[in-house]
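Accompanying notes for the structure given below.
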Amino acid sequence: MAERTVLDVQSVVKRFGGLLAVDQLSFAVRQNEVLGLIGPNGSGKTTVLNLISGVFKPTTGDIYLDDRLISDRPARHIARAGVGRTFQLVRILPSLTVLENVMAGAVFGHKRLWGREARKYAERQLERVGMAHAMGMATAALTYIDEKRVELARALASDPRVLLLDEWLAGLNPTELQTGIALIRSLREEGRSIVLVEHVMDAIRSLCDRCVVMSGGVKIAEGAPAETLADREVIRAYLGDEDA
Amino acid sequence: MDILITGILLGATYSLIAMGLTLQYGVARIMNLANGEMLVAGAFGAFWVFTAQQASPFAAALVVVPGAFALNWLIYRYLLRPLVRRAKNRGMLEVDSILATFGMSFVLVGIMLMVFGGGYFTYSYLAEPFEILGSPFALNRVVACLVAVAISGLLYWGLNGTRTGMALRALAVDPAAAGLVAIDVPRMSAFSFALGGAVTAAGGIVLSTFLTMDASIGVVFTMKALIIVIMGGVGDVRGAIVAAVILGLAETAVASLIDPGLTLAAAYLLFVLVLLLRPEGLFGRRQS
Amino acid sequence: MSRAEIRSLTLAAAAFALLAFLPFLKDSGYLLSVSVSIAMYTVLATSWALFSGPTHYISLATAAFYGLGAYVVAAGIGAISYPLLLALAGTAGAVLALAVGVTTLRLTGVYFVIFTLGLAELIRQVVTWVQNNLTGSRGMYVFTEITERIIYWELLGLAALVYLVGWLVARSRLGFALHIIGNDELVAAHVGINSAAAKLILFVISGVFAAVVGAVMAPRYTYIEPSIVYSPELSFQVVIMALLGGAHRLWGPLVGVIPFALLWELIAARFPTQTVLLLGVAFLLIVYLIPHGVVGRIEFALERLRWGTRRG
Ligand SMILES: Nc1ncnc2c1ncn2[C@@H]1O[C@H](COP(=O)(O)OP(=O)(O)OP(=O)(O)O)[C@@H](O)[C@H]1O
Ligand SMILES: [Mg+2]
């Protein structure tokens, strides 16, 4: 575990009006690491990803990428610095073709490819997520799962150092799930850091190096998946008091 | 001092038209660019009642206000509702409703031009001096201000003190959530839009007692209402009132110190300042 | 460049060359005057759609830019050479567009619409005030040697330029960025696009074109007065034409300009008092019946045809 820290979240707070969505949250992600960010519905996981990728600015607290402060930069700078993401509710660009959707990731990020180069690069990302057959298709013809794959290919096309996946594995059938897990594992082996927001416990157990558990915006546990998932407080957060 | 009082008198009347637009944009989510035409139509009604029927212009309210309510309800029901249903997201609805209400504003101007012609219309009602703190002010302005304050007060009570008002406020915050708590969203939106139109027309009656108007001046009032609503913060009644008074003061100051022809420029200057400094409105909370 | 692109480029060049000979036709007086207005609206509507098509921001400021350009010429004619005046008008348009864009383009579309809605009226008030108080006149005379023929050629050149710019933008990163912005601004930011800058560039381009068109048209008026060149009606006509044709394609506005400009000549002559009403009706018809313009309709029909034959 001598890998260096890539993403560092430091005492981050996010308020929406009177609602405290994230409260004094800190964690770090190292190179080559899959960090599971888990917790019951509404515990603030998506909000944390939104804070990292720059949809919102933290009310207080800092986020660093390679020791560079990114939390006061706009989303486009954070993206160019090497943070890619997918969205919990998939955001496909409807009037672009599948290939163009993926090219979007390669054209404006730090890659800045254009023309044939960008196209070829995007094609290879589509192959990687198993969507090579759909390249020229209009997005209207895609199933929800395929949309998720295209969105991942778009994130990969920017060659991100940190990849934020918001329930990307949700809704896959068992075979698709195995392929998905293998894909994420291969991304880690390339040296990327991945923050995985997930409810699928199998995936968390087999993929994550560490887990951060949130409840009501607060971090209630952190550590190896097997231990954290057995933690009394974590079980209580998920299942309610009487089961603990 | 004179500027201060004249400005406040004017601002109070402006707050009325801003409230009309708040009901339409803040609650029913329709950016109604035909708002000013509704105002001019109300003013025409008052003008007609005063000159042809020899009655008090405020008597026109008996016809104009229910008429505007019905007309706006029909507009929402048959012209805007299809757009709401067709829109895939809020952005699309915004573009469509802007274009559609634009078309309507032109149609309304066209109809008014046909009926009343292109000339200015003005009438003299209560054009006598009235003393406030030792300086004379036009009585019609003072009366207009009082009527506007009365209507605004009524609305404020309606929004904060009744069940319907509560439903409207819930709708303003989040239509989807409002639907979940058994608020009939389409009906309340239509009601809010119609009420907004009625309030605006009432504002037209009030303004006509002391301003000269013509058939195509509506767009200027639409602009003013929009500036007030944005300055006050969309959906914020208290902000709208403060913003209306600020606009009234700024216009009066520019008109009496520089040139009456530059009032729109004054409004614009305020608009630019708001957009640059506080785009979320005077009392709005800054989102991230 | 692909073969198809070369072919359409050649075709376009040939069409422009042919159109350039129009003033040499016999008895071309009426034809020329109609062509001038078609060419003018083509440039205005196409440059409008360059910005508004992909971004969905509805600009109602065409008249403001147009009037600005016309005024630059009116104020400088006689003192400054005409080509230089055109350049000045373009610069003035760019500066105005920058100022408006920086103020409003960070915000949602509504604020932008409202701002542009009043812009022509605002400038008209200010210009009127300046004229009344500083120059003591209500308008300005524009005496030049420039004939309608020259105006036509200038507009034709501008039209060629607007198509060239549109074509180049569509092939560029900027065009791709705008396409993404129009689809989903949040995704645009997350792939690293600077939305505000992209929108601003296109708004400036369209502003420059409108200002230069105003400058080119100025000699046609001989007498320029704020209420003439800052007529809000112009802005609305441009929007209608572009939407009627279809703002999402480069050649879309042209499809709207030709029938509308011809129809409008007729309407303005036949029902001079009802133009406003009819303009409103045209607006409503487009929004309710052909929301994606004639071009959108045609594309939709073609698409269906293709699917039909593929299945059959
Ligand atoms: N833009 C916003 N404005 C106001 N409140 C918000 C916003 N985004 C999230 N919230 C609130 O913040 C809290 C945390 O939401 P978040 O979406 O981060 O939860 P989550 O852990 O991702 O839940 P889920 O598992 O259901 O996806 C919720 O109460 C939510 O309503
Ligand atoms: Mg979530």
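Each chain gets a letter, A, B and so on, in the order the sequences are listed, and its residues count up from 1.
Comparing C:Arg173, C:His248, C:His190, C:His179 by heavy-atom pairs within less than 4.5 Å of chain A, the highest count is held by C:Arg173. Ranked by heavy-atom pairs under 4.5 Å with chain C, the list A:Pro160, A:Ala118, A:Pro74, A:Ala75 is led by A:Ala75. The greatest number of non-hydrogen atom pairs below 4.5 Å with chain C, out of A:Ala106, A:Ala155, A:Ser53, A:Ser158, is found for A:Ser53. The candidate with the highest count of non-hydrogen atom pairs below 4.5 Å against chain C, out of A:Pro94, A:Ala81, A:Gly84, is A:Pro94.
The two residues C:Leu186 and A:Phe87 make their nearest non-hydrogen contact at CD2-CE2, 3.6 Å. The nearest pair of heavy atoms linking A:Phe108 to C:Val191 is CB-O, 3.2 Å. Residues A:Ala79 and C:Gly192 share a closest heavy-atom pair of CB-N, 3.8 Å. Here the shortest heavy-atom pairing between A:Arg91 and C:Asp184 reads NE-OD2, 2.8 Å. Shortest non-hydrogen contact noted between A:Arg80 and C:Asn194 is NH2-N, 4.0 Å.
Residue contact with chain C, scored on non-hydrogen atoms closer than 4.5 Å, involves the backbone and the side chain of A:Arg112 alike. Using a 4.5 Å cut-off between heavy atoms, A:Arg85 contacts chain C through its side chain alone, with no backbone atom that close. Using a 4.5 Å cut-off between heavy atoms, A:Leu113 contacts chain C through its backbone alone, with no side-chain atom that close. When heavy atoms are compared at a cutoff of 4.5 Å, A:Glu100 approaches chain C by way of both its backbone and its side chain. Neither the backbone nor the side chain of C:Ala188 comes within contact range of chain A; no heavy atoms are under 4.5 Å apart.
For CZ of A:Arg124, the number of neighbouring non-hydrogen atoms (other residues, nucleotides, ligands) closer than 6.0 Å is 12 at most. Within 6.0 Å of CZ in C:Phe16 there are more than 12 heavy atoms belonging to other residues, nucleotides or ligands. Few gaps surround NE2 on A:His199; more than 12 heavy atoms of other groups in view lie less than 6.0 Å from it. Other residues, nucleotides and ligands contribute only 12 or fewer heavy atoms inside 6.0 Å of the CZ atom of C:Arg297.
Below 30°, between 30° and 60°, or above 60°: for C:Phe176 and A:Trp114 the angle between ring planes is between 30° and 60°, a tilted geometry.
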Subject >> Working for side-chain contact (heavy atoms from CB on, under 4.5 Å), residues A:Met103 and C:Ile180 >> reply: CA-CA 11 Å; A:Met103 279 170 66; C:Ile180 296 168; over 6 Å; no
